[in-house]
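Please read the structure below before turning to the comments.
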Amino acid sequence: MDQQNFAPISERLELSEQDRYFIEPFFTNLDSPVFGITFLPPEVIGALCSRASRAKDDLRVSFLKEFIKPFLEGESQYSESLRALIDFLHKYPAELIFSNPKARDFYITWLSQFGDDSIAQMGGTHLIYTGISQLAIKQIEDMRIGIAPIEKSTRYVDYSSRVNGSYRYYTDPTLEGMGLLPEYKAAMDNLFQTYTELLAKYMEFLKGKYPSEEEKVLRTKAFDTVRLLLPVSTLSQLALFANGQAFEYMINRCLDHRLGEVRWTARVALQELSKVIPAFLRRVETPESEDYRKYLSERSQRVQKVIAEVGINRQPATSTEPAVKLLEYDPTGEDKIIAGLVYGETHEPFEVVLGRVKQLSRDAKERILQEVLKDRKAKYYKIPRPFESANLKFEILMNIGAWRDLHRHRIHTQMRQRFSVHNGFDVPEGLKEAGLDAEFISAISKAEEVFRKIERVDKDLAQYCCTLAHKVRFLQYQNMRSFFWETELRTIPQGHPDYRKIEQEKIRQIERVYPLIAKYLLVDMHDYDFARRGDTAQIQRKEVELKEFFERNKA
C-alpha cells in the first residue's frame, strides 16, 4: 500500500498570497502537515515551538499571527529590517544558503575519515508534526537522548473541534480489509462526542459547586477530568528539536515499523529534514541501514513467536494488584550514597571508603547528609551526583493519560507493555460525583469491544482503540538522584492528581527503606481540589520579572 495512504487527516492552510510570501522563507513547506524550521533565531524558535502545547492553530499560522504581522504593520526599524529579510530570503532561499559548498566538502572529508556520530551530534534542527496519534508520538518520545519534544496539551486544549467534518483521530486504512472500519469509526466518534458533551455538563457542575472560582481554573479541571475519554488515536501537534544523530535513529526506528502511521512519520521526516541536514541522514538509505531497521522492527514478532513455543503464559494479571510495587532496591544504598559524598574528598579506593561508612553510627551518617543538603531550598538545587549510587526498580500500573507525564522523565530506564484494555480503566471521581460516570463508562465499553475484535488480528493496531483512561503497566529503573527530581517535580500542587498519587506512593515506599535519605525530599504529600489554582498570579509575576530582565539588558 502507498505510504501516503497512512497519512493522518490534516487541514490545508488557508493563506493569502501575501501571507504565504511573509512566512514561506522560514519553513521547509507550507502545504504538508510535517515541516522543518529553516531561518529563525533560537529564541524565536523556542517561543514558537512552546505554542505547540496550547495553540489551536498550526504553528505556521501562529508564527504569522504573532511573530510577523504585528511587526510588519508598524514603521519601526525592526519592521523595516524584517521586510528586508523576507525579501532577501525569497531571492536567496535558506535551502540554497545552507548548502554551503565548504560545509558539504567538510562533511565528505570528516564523515568518511572520523565517523558520522560525533559530527552529527554537533548540529541540530526542529521538526513539527501538526497532527499525529499518541501512538506515533510515544514511538518518537521513547527515545531518551538527543531529542527535546513538546506536544499539544490535553489539559489546556479543547479536542472537540473537527477537521473537514471529522473528529481528530487516526484511522489506519488496513482496518477496511479487516471489515472493521465502520465499527472503529463509530467507536471513535462516540468517544469524541461523549467527550464534547461531558465537557459542557461537567463544566456546568463545577460552576454550580464553585461559584466564586476563576473560570480558567474550572475549565482546566474540566479538561483534566474528561480528557481520559480521549483515545490513543487522538491526533496532537508535536514539535521537537534533535541533533542529527538522534534524527537518524528516529527515522531508522520508525521507517520499517509494523504500524503504517509510524512508517509515514519517518518517511516525511526524512523528506523534510533532508532539506536542512542532508549530510547527517546520508546513511538512512544504505543497505546497512536496511539491515539495521530489520533488526529493530522484527524483534517483537520474534519474541512473540518464541514465547509461544516455550509456553510462557501471557494471561493478564488481576486488576486488584497495587498501583506501585518496589521490585528492587539496594539494601546498602544509603551507605553507598554517603560513601560517594565522602569519596571525592579522599584519595582512597571506593571499597575502603564504603567500609568505613558502614562502620559509622546513624548519627554520624546523618551529620554528613545534613552538611551536604542543609542549604538546599528548592527542587532546582541539584542533588549531588553520588545519589546515583543507589538504584530502584518500580513496577507501576496507572492510566495512560497520567503515564504520559511520567514518560517524559528520560534519564532512567522505562519499559512498558502495549496499550490494552486488559488492565481496566479509571473512572474520574469528579464524574462520579457529578453523576456523569455512566456515560463515560458506556463510551469506553464500546471502544473496548472494537479493541478486542482488532486484537484478534493485529494487537499493535488494536492499541488505537485504548483511551487515556485505560491502565498501562510499566517498569521504572532509576537511581536516587533521578528519584528526587521526578518526585519533587511531580508532587507540586499544579500536578495532575493521578500522577501525584503515584509519586506519593513511591515516596512512602522509599521512606521505609531509605529513611536517612528520604527526609531530604522536598515533596508535597497533600491533596488539592484544583491543580492549577493560583497559576494566573504566578504567570503575571513571571511576566513582570522577564520584562524587567529584558529592559535591563536593552539598557
Side-chain angles (χ1 to χ4, degrees), residues 3-4 6-8 10 12-13 15 19-42 44-46 48-49 52 58-64 67-68 85-108 110-111 116 119-132 136 140 146-149 237-255 262-286 289:
Q3 203 61 59
Q4 192 55 34
F6 292 97
S10 61
R12 185 175 178 81
L13 297 184
L15 299 170
D19 289 343
R20 294 180 73 89
Y21 184 84
F22 286 158
I23 66 172
E24 196 169 35
F26 303 105
F27 303 102
T28 55
N29 74 77
L30 297 183
D31 301 308
S32 168
V34 183
F35 58 93
I37 301 175
T38 58
F39 208 92
L40 290 173
V44 175
I45 296 176
L48 178 63
C49 288
D58 184 298
L59 288 189
R60 291 165 292 191
V61 175
S62 296
F63 178 70
L64 175 69
F67 295 88
I68 293 293
L85 175 63
I86 292 170
D87 292 339
F88 175 84
L89 290 175
H90 273 283
K91 188 175 182 181
Y92 305 103
E95 203 171 329
L96 178 64
I97 295 171
F98 288 157
S99 61
N100 183 291
K102 181 68 176 176
R104 294 285 156 83
D105 288 344
F106 167 84
Y107 284 120
I108 290 171
W110 280 70
L111 291 176
D116 298 58
I119 303 300
Q121 292 169 2
M122 293 295 103
T125 190
H126 293 77
L127 186 70
I128 317 297
Y129 293 94
T130 61
I132 55 178
I140 293 170
I147 68 167
Q237 188 160 238
L238 174 70
L240 67 150
F241 173 83
N243 62 40
Q245 182 186 19
F247 270 130
E248 181 191 37
Y249 180 49
M250 182 192 90
I251 291 169
N252 274 321
R253 288 181 74 244
C254 298
L255 208 49
V262 175
R263 297 195 299 273
W264 175 85
T265 65
R267 181 56 60 188
V268 290
L270 179 60
Q271 176 182 308
E272 296 307 310
L273 291 170
S274 293
K275 300 174 184 177
V276 185
I277 51 170
F280 296 156
L281 304 175
R282 67 180 186 84
R283 296 185 297 190
V284 170
E285 305 283 10
T286 63
S289 282

Close side-chain approach of Thr130 to Ser32, heavy-atom, < 4.5 Å: no
Is there a side chain to side chain contact (heavy atoms under 4.5 Å, CB included) between Asn252 and Arg283? Walk through the geometry before answering. CA-CA 10 Å; Asn252 274 321; Arg283 296 185 297 190; over 6 Å; no
For Ala246 against Gly146, the heavy-atom pair lying closest together: CB-O, 3.5 Å
Ignoring hydrogens, what is the shortest heavy-atom contact between Ser289 and Val284? Give both atom names and the distance. CB-O, 3.3 Å
Indicate the atoms forming the closest heavy-atom contact of Phe247 with Thr125, along with that distance. CE1-O, 3.5 Å
Which value, rounded to the nearest 0.5 Å, describes the distance between Glu272 atom CD and Ile37 atom CD1? 12.0 Å
Verdict with supporting geometry, Phe67 and Leu40, side chain to side chain contact (heavy atoms under 4.5 Å, CB included): CA-CA 11 Å; Phe67 295 88; Leu40 290 173; over 6 Å; no
Can you see which heavy atom on Ala52 is nearest to which on Leu59, and at what distance? N-CD2, 3.8 Å
If I take atom CG from residue Leu281 and atom CG from residue Leu273, how far apart are they, to the nearest 0.5 angstrom? 6.0 Å
With heavy-atom distances below 4.5 Å as the criterion, would you say the side chains of Val34 and Trp264 are in contact? yes
CD1-CG distance between Ile147 and Leu127, expressed to the nearest 0.5 angstrom: 11.0 Å
Are Phe63 and Phe26 near enough that their ring centres are under 6.0 Å apart? yes
Applying salt bridge (Lys or Arg N to Asp or Glu O under 4.0 Å), can you list everything that pairs with Arg253, at least two apart in sequence or on another chain? none
Would you give the length of the straight line joining atom CZ of Arg282 to atom OG of Ser274, rounded to the nearest 0.5 angstrom? 13.0 Å
Below 4.5 Å, heavy atoms only, C-beta onward: do Asp31 and Arg20 meet side chain to side chain? yes
From the list Glu24, Arg60, Lys275, side-chain hydrogen bond (donor to acceptor under 3.5 Å, both in side chains) partner of Asn29 resolves to Arg60
Could you give me the CA-CA distance, side-chain angles and deciding distance for Leu89 and Thr38, then say whether side chain to side chain contact (heavy atoms under 4.5 Å, CB included) is met? CA-CA 11 Å; Leu89 290 175; Thr38 58; over 6 Å; no
Provide the closest heavy-atom pair for Ala136 versus Thr265 in the form atom of the first, atom of the second, distance. CB-CG2, 4.2 Å
Out of Ile23, Asp58, Asp19, which residue meets the side-chain contact (heavy atoms from CB on, under 4.5 Å) rule with Leu30? Ile23
Can you check side chain to side chain contact (heavy atoms under 4.5 Å, CB included) on Phe35 and Val268, steps first, answer last? CA-CA 9 Å; Phe35 58 93; Val268 290; over 6 Å; no
Could you check whether the rings of His126 and Phe241 sit parallel, tilted or perpendicular, using 30° and 60° as the cut-offs? tilted
Write down the atom of Met250, the atom of Tyr129, and the distance for their closest heavy-atom approach. CE-OH, 3.7 Å
Could you grab the distance from atom CG of Leu238 to atom SG of Cys49, nearest 0.5 Å is fine? 9.5 Å
